[in-house]
Participant: 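Got a structure for you, written out below as structure tokens; questions coming shortly.
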Amino acid sequence: MPDNVSILQLLGPVVLALAAVLWVMGLVRLLRRSRPEAMPRPSDPMLPGLPHQRQTAPALEAVELTPAERDAFAGLVRQLGDSR
């Protein structure tokens with residue numbers, strides 16, 4: 001050990017090298033964790049916050065129109081079609 005160098009000056013590069021190694025290890029670990037293939041897949045594909053959806057559609061409803069209602073609807077369709 002050189003006589004004109006203090007112990008703190010000798011430990012400085014060692015501490016910096018150790019900090020650099022720890023930083024690189026942390027960065028590698030962070031990058032590996034953020035890869036899409038490393039992400040764990042949820043076992044249940046449904047979102048837990050949403051209510052369960054019905055599997056069947058509701059029954060269809062149909063209403064018979066009177067001849068006057070059919071004429072009114074046809075007139076409305078013609079008005080909307082002419083405006084384009």
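This structure is a prediction, so every number in the text was calculated from the model and none was measured.
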Participant: Please say yes or no: joined through hydrophobic side-chain contacts below 4.5 Å, possibly via intermediate residues, are W23 and V28 part of one cluster?
Facilitator: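 Yes, because W23 and V28 connect within a single hydrophobic cluster, where side-chain heavy atoms sit under 4.5 Å apart.
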
Participant: If you round to the nearest 0.5 Å, how far is CG of L22 from CG of L27?
Facilitator: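 Reported to 0.5 Å precision, the distance equals 12.5 Å.
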
Participant: Rounded to the nearest 0.5 Å, what's the gap from CZ on R32 to CG on L30? Could you check?
Facilitator: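 Interatomic distance, R32 CZ to L30 CG, rounded to 0.5 Å: 12.0 Å.
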
Participant: What is the distance from atom CG of D71 to atom OG1 of T66, rounded to the nearest 0.5 Å?
Facilitator: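 Reported to 0.5 Å precision, the distance equals 8.5 Å.
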
Participant: Rounded to the nearest 0.5 Å, how far apart are CD of E64 and CZ of R70?
Facilitator: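 One finds 7.0 Å between CD of E64 and CZ of R70.
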
Participant: Among the clusters formed by ILVMFWY side chains lying less than 4.5 Å apart, do L31 and V24 turn up in the same one?
Facilitator: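 Same cluster: L31 reaches V24 through Ile, Leu, Val, Met, Phe, Trp or Tyr contacts under 4.5 Å.
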
